[in-house]
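For reference, the structure is listed below as structure tokens.
For clarity, every value in this text was computed on a predicted model and none was experimentally measured. So you know, we letter chains A, B, ... as the sequences are listed, proteins then strands, and number each from 1.
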Number of protein chains: 2
Amino acid sequence: MSLKYAIMSLLAHGPLSGYELMKLFDGSVGYFWHATHPQIYKELARLESEGQVAHRAVEQRGRPTKKVYSLSEEGHHDLVAWLRLPARVRQFKDEMMVKTFCSGLVSDEDTCELLEQHRELHRARLQEYQELERFLRSGPITTNRLRRGPYLTLLRGIRYERDYMEWCEEAADIVRHRLDRPRGRSARPPSGRQARPRSTR
Amino acid sequence: MSLKYAIMSLLAHGPLSGYELMKLFDGSVGYFWHATHPQIYKELARLESEGQVAHRAVEQRGRPTKKVYSLSEEGHHDLVAWLRLPARVRQFKDEMMVKTFCSGLVSDEDTCELLEQHRELHRARLQEYQELERFLRSGPITTNRLRRGPYLTLLRGIRYERDYMEWCEEAADIVRHRLDRPRGRSARPPSGRQARPRSTR
DNA sequence: TGCTACATGTAAAATGTTACATGATTCG
DNA sequence: CGAATCATGTAACATTTTACATGTAGCA
């Protein structure tokens with residue numbers, strides 16, 4: 001029952017078409033929600049039949065006409081009521097962790113490659129989000145209260161990607177060096193490794 | 001198609017009943033996978049009909065007889081083949097982020113309360129995982145290769161909870177102080193407020 | 001000319017959740 | 001005595017994914 005509010009949350013910041021919603025779920029808000037287009041179009045139709053959103057057709061030159069949806073007053077009211085309810089912690093499903101959990105069944109080389117590949121995915125996303133942050137920072141964040149929320153979630157996205165990336169590095173180090181002592185005492189292994197020279201791969 | 005491998009991953013580390021699997025998805029591996037019991041029992045039945053797992057009935061004194069499942073050779077083989085495939089990045093759904101995204105629609109007090117509540121949830125989980133880590137650290141991690149995977153995922157869980165908790169604090173600070181300048185220049189507000197001195201960390 | 005982006009949908013299949021159902025034991 | 005834990009399931013419902021379906025415009 002939350003796709004409803006995910007869509008309405010985006011519409012609360014401005015009118016959008018189904019296609020634009022899809023792009024957002026696929027991009028800038030992709031790190032906290034995802035939905036495919038059949039889901040979105042169906043949900044929009046349902047929300048409209050419930051009176052929570054309304055659309056107007058917008059004709060474009062050289063492009064198909066699109067349906068631009070906005071929140072109705074009722075929708076806005078409903079969204080705010082939901083916002084006041086406590087959030088449930090997410091229960092997520094991370095394939096990478098399942099594979100890591102079983103990494104003892106494959107070679108250390110395979111495990112390191114897996115970690116390296118994943119690190120790259122998160123590094124690329126981190127960069128995207130950081131660029132977005134720089135852009136958002138160019139304007140005032142709290143003057144327009146509506147802009148603060150998206151900024152806060154972006155900070156979360158940046159943290160998440162950075163933290164995941166760092167974990168990939170830490171895990172690969174443990175696998176490579178067969179580190180069997182507590183970290184923290186000496187965060188880095190004794191050998192002169194630094195800056196992760198991937199030349200050796 | 002991944003609940004299959006999530007279950008098989010746990011079975012790869014030792015035989016388990018459906019109920020025990022449920023407890024794991026609910027507890028120690030809960031931060032990377034979740035499944036409800038109807039799902040688990042159905043999937044186990046399906047996996048058994050496919051020959052990937054097998055069970056034997058284990059009678060207990062004073063407790064109902066349980067079905068303890070183990071991976072078959074075929075199941076082991078299938079799991080390893082899947083492990084070699086690259087992992088897809090997870091597409092997750094975080095209610096908390098949806099609410100944060102729209103926090104401009106509610107009062108700063110409500111937003112701070114939301115963040116504070118969430119911080120507490122993650123703090124509690126962090127503590128659990130850290131205790132688990134201390135326990136795992138008491139034995140050798142890499143001597144038994146099978147134990148390393150679970151240790152690595154636990155490290156990820158700890159990082160995740162800590163990072164989420166820190167974000168809750170950072171976000172609450174921004175909301176409270178209406179911070180409208182880049183962080184990093186001066187992380188702390190000029191005023192002498194310091195309810196949660198993080199200086200000691 | 002073929003690929004990508006824009007734009008919207010339907011249908012079927014797979015997954016996941018919630019409610020219903022049962023029954024023994026242990027702890028407070 | 002009531003609630004929680006152990007233990008396994010079914011049925012109904014909701015959600016999500018994948019495949020099918022269509023058509024225009026711009027770019028290489």
Does the [X] side chain pair with the main chain of [Y], one donor and one acceptor, at a distance under 3.5 Å?
X        : Y        : result
B:Ser103 : B:Lys99  : no
B:Arg125 : B:Gly157 : no
B:Glu20  : B:Ser17  : yes

- Query: Mapping A:Arg46 and B:Glu20 onto DNA chain D by nearest heavy atom, which one lands closer to the 5' end?
  - Reply: B:Glu20
Below 6.0 angstrom between ring centroids: does that apply to [X] and [Y]?
X        : Y        : value
A:Phe25  : A:His34  : no
A:Tyr160 : B:Tyr164 : no
A:Phe101 : B:Tyr151 : no
A:Tyr19  : A:His37  : no

- Task: For DNA chain D, find the residues of residues 61-70 of chain A with a heavy-atom distance under 4.0 Å and give them by number; none if there aren't any.
- Result: A:Gly62, A:Pro64
- Item | Nucleic acid contacts - residues 21-44 of chain A versus DNA chain D, non-hydrogen atoms under 4.0 Å | A:Thr36, A:Pro38, A:Gln39, A:Lys42
Whole-Å distance separating the [atom1] atom of [X] from the [atom2] atom of [N]:
X       : N      : atom1 : atom2 : value
A:Gln91 : D:dT15 : CD    : P     : 16 Å
B:Ile7  : C:dG16 : CD1   : C1'   : 13 Å
B:Phe92 : D:dT17 : CZ    : C1'   : 19 Å
A:Gln60 : D:dA25 : CD    : C1'   : 12 Å

- Message: Side-chain N or O of B:Tyr19 versus OP1/OP2 of D:dT8: is the shortest distance under 4.0 Å?
- Response: no
- Heavy-atom nearest pair, A:Ser28 first then A:Leu132, reads CB-CD1, 3.8 Å
- If you look at every strand shown and take non-hydrogen atoms under 4.0 Å, does B:Lys93 touch a base, only sugar-phosphate, or nothing? sugar-phosphate
